Amino acid sequence: MRRSAVRNVSLSAVAAALLSVGACAPPSVSGTSGAQAPPPAKTPVATGHGGAVASVDADASAAGIEVLRNGGNAVDAAVATAAALGVTEPYSAGIGGGGYFVYYNAKSRTVHTIDGRETAPGSADRSLFLENGKPLPFADAVTSGLSVGTPGTAATWKAALDAWGSRSLSQLLKPAERLATDGFVVDDTFRAQTQSNQARFADFPDTAELFLPGGQLPVVGSTFKNADLARTYKELGRTGTRSLYEGELARDIVRTVRKPPVNPDSGRDARPGDLTTRDLSGYRTKKQAPTKVSYRGLDVYGMAPSSSGGTSVGEALNILERTDLSKATEAQYLHRFIEASRIAFADRGRWVGDPAFEDVPTKGLLSQRFADARGCLIKDNAVLKSPLAPGDPSDPKPCGRGGTAAPTTFEGENTTHLTAADKWGNVVAYTLTIESTGGSAITVPGRGFLLNNELTDFSFAPANPAVHDPNLPGPGKRPRSSISPTIVLDSKDRPVLAVGSPGGATIITTVLQTLTGRLDRGLPLVDAIAAPRASQRNGAATELEPGLWNSPVRGQLEALGHVFTQNPEIGAATGVQRLPDGRWQAAAEKVRRGGGSAMVVRPDGK
């Protein structure tokens, strides 16, 4: 869920500026909270010149637009937007987490990526989440120091700015500092997110003090401030991000993980982690080549392992390449989409892990030969049974399958995604996360941010001891992710669109459905994002949102043998698109998570 577009009382400093210029115009980020004024409307689509930003939050998009308005580029805007999301989306993202950054350089017409995934402590082994030889209950593992990996977000910002930015981190953190100081307005969704974590948060005094002031849920319409985070951002701007990895902030993080500050009267066993200052000082992001597949004459770039996003989206697109989805009925399209997703997840579970530790056959997974061998499993009049066994990318046999299926591990769904583009044509797709809603529930005392629970993305134990699991914990290892920031280029290596989403393992299917909705079905980007979703992840049932659950197409698919369960909400995508006349179009959710916020620097007609 997300804070909704309806705000009833005071405006945050950033959002207030929107009122005088319209929801898509470049706002000021200065001001004070508490001004009586009607709330700004979130706009799911905006078109114009000078660059674009799309995120789930109006304050965050506004921070990025101001950077673009003042001459910054897409990378600068992405960092400013991400920092603001750390204020307004504290249960989804922040400097206590990590993420994946995909960047298109307009000058060289090339795509680059940064793997800013969290890493396990140097002492971690495959028994990390075992107790008395058995896997810990998931809820116990999440709310503990055991689940906290070395954060990668601040290092990602530094790596991106050093390579491609044009502004200092100190400058780019200013909008978020002011937003944290002046506050944003609480609405029903932010309150509901807090309420869903109330029992966990209440057990950690520092978390309770920040998010449950006076022991109570935040009141809808009140202004939520985070002075501790404002001071932390100010420190990072002054000393650089290395203070998070080598300074007093690093020591604060380590102390918190190794001795979680839990209320001793709570009865909660907040198991300590083994994170050390050496783990933080040794953390490095990874710059690596993106994944790439050709689809309908376009080049689709994504995130290579440790994320499974690029390989899974790419494999599914390669499978779908052989079908003209533009002429398919809705039922035929969804059948093919569901089955391609099922196959991609079957192969993901067997082959994808951290390539620093595992022999990941990325090239084979993305080969058209392998996709054709797997795609021939799909029949127009029947449904594949799950869990489906994986194929072998090194020896693709037509309709081949073998070995034992690997179930999809659970991944938290409250990640957040932003997209940005600038007047020079540079583009960023950036997904960042602290994993579950509220992360580990552990706030670093006096620092204003929650720590991640990303290590629960590892397999706690092998699904089958006789089959190698590439996603077991290891020292310094990155857990497998589904994060799928994606950039699409045309035949002349010019940007067509960029897209991404939160949603745990549903990220892959959300991005795949959005891409095929736009590129095959001809939907405008904002409608491709808004379309009701299906998600199949090599499970017995496919999840459907209400728009498909309540439609006649469900019955048509059930007649083929599909089995469905209902999911009220899948993902929350954002995207940007370069129009043929050179304008940018930003797009976000119309309804999901309260609707997203799409903005451009100079809107049409202004």
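We count residues from 1, following the sequence as given. All values derive from a computational prediction rather than experimental measurement.
Taking OH from Tyr430 and OG1 from Thr81, the interatomic distance works out to 11.0 Å, rounded to the nearest 0.5 Å. Put simply, CD on Glu589 and OG1 on Thr574 are 8.5 Å apart, with the number rounded to the nearest 0.5 Å. Atoms OG1 and CD, from Thr456 and Glu454 in turn, are 7.0 Å apart once rounded to the nearest 0.5 Å.
A heavy-atom distance below 4.5 Å is found between the side chains of Thr47 and Leu579. Contact annotation: the side chain of Thr433 approaches that of Ile483 to within less than 4.5 Å [non-hydrogen atoms, C-beta and beyond]. Using a 4.5 Å cut-off on side-chain heavy atoms (C-beta onward), Glu543 and Phe564 make no contact. The shortest distance between side-chain heavy atoms of Asp354 and Lys286 falls below 4.5 Å. Side chains of Thr542 and Arg554 form no contact here, defined as non-hydrogen atoms less than 4.5 Å apart. Annotation: side chain of Phe345 is not in contact with side chain of Gln536 (no heavy-atom distance under 4.5 Å). Side-chain contact check for Lys327 versus Gln332: every heavy-atom pair is 4.5 Å or farther apart. The shortest side-chain heavy-atom distance between Pro462 and Leu472 falls under the 4.5 Å cut-off.
Side chains of Ser92 and Thr416: a donor-acceptor N/O pair is absent below 3.5 angstrom, by distance only. In summary, the side chains of Ser294 and Asp299 do present a donor paired with an acceptor at a separation below 3.5 Å, with no hydrogens or angles considered. No side-chain donor from either of Asp57 and Ser55 sits under 3.5 Å from a side-chain acceptor of the other. Neither side chain, Arg521 nor Thr516, offers a donor N or O lying under 3.5 Å from an acceptor on the other. Between the side chains of His417 and Thr419, no donor N or O sits under 3.5 Å from an acceptor N or O.
Between Phe129 and Phe460, the ring planes are parallel. Angles under 30° get that label, and only those over 60° would be called perpendicular.
With a 6.0 Å radius and a threshold of 12 heavy atoms from other residues, nucleotides or ligands, Asp359 has its CG atom at or below the threshold.
Remark: Asp372 engages Arg322, Gln368 in a side chain to side chain contact (heavy atoms under 4.5 Å, CB included) (not counting sequence neighbours).
Gln288 places no side-chain N or O within 3.5 Å of a backbone atom of Thr113 that could act as its donor or acceptor partner. No donor-acceptor distance shorter than 3.5 angstrom exists from the side chain of Ser312 to the backbone of Gly309, with no hydrogens or angles considered. Panel note: side chain Asp279, backbone Gly122; a donor-acceptor pair is recorded below 3.5 Å. A donor-acceptor contact shorter than 3.5 Å links the side chain of Arg117 to the backbone of Arg480.
For the side-chain contact (heavy atoms from CB on, under 4.5 Å) test with Ser306, the passing option among Asp115, Asn471, Val360 is Asp115; the others fail. Of the residues Leu525, Val526, Asp527, the one that meets the side-chain contact (heavy atoms from CB on, under 4.5 Å) test with Ile529 is Leu525.
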Next item on the list: Just do the salt bridge (charged side-chain N to carboxylate O under 4.0 Å, His left out) check on Arg126 and Asp469 with the steps written out, would you?
Entry: CA-CA 10 Å; Arg126 60 173 51 206; Asp469 186 336; over 6 Å; no

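Judged by the 6.0 Å distance and 45° axis criteria, Lys287 is positioned over the aromatic ring of Trp164.
Between Glu315 and Arg348, none of the side-chain N atoms (NZ, or NE/NH1/NH2) sits under 4.0 Å from a carboxylate O, so this pair counts as no salt bridge.
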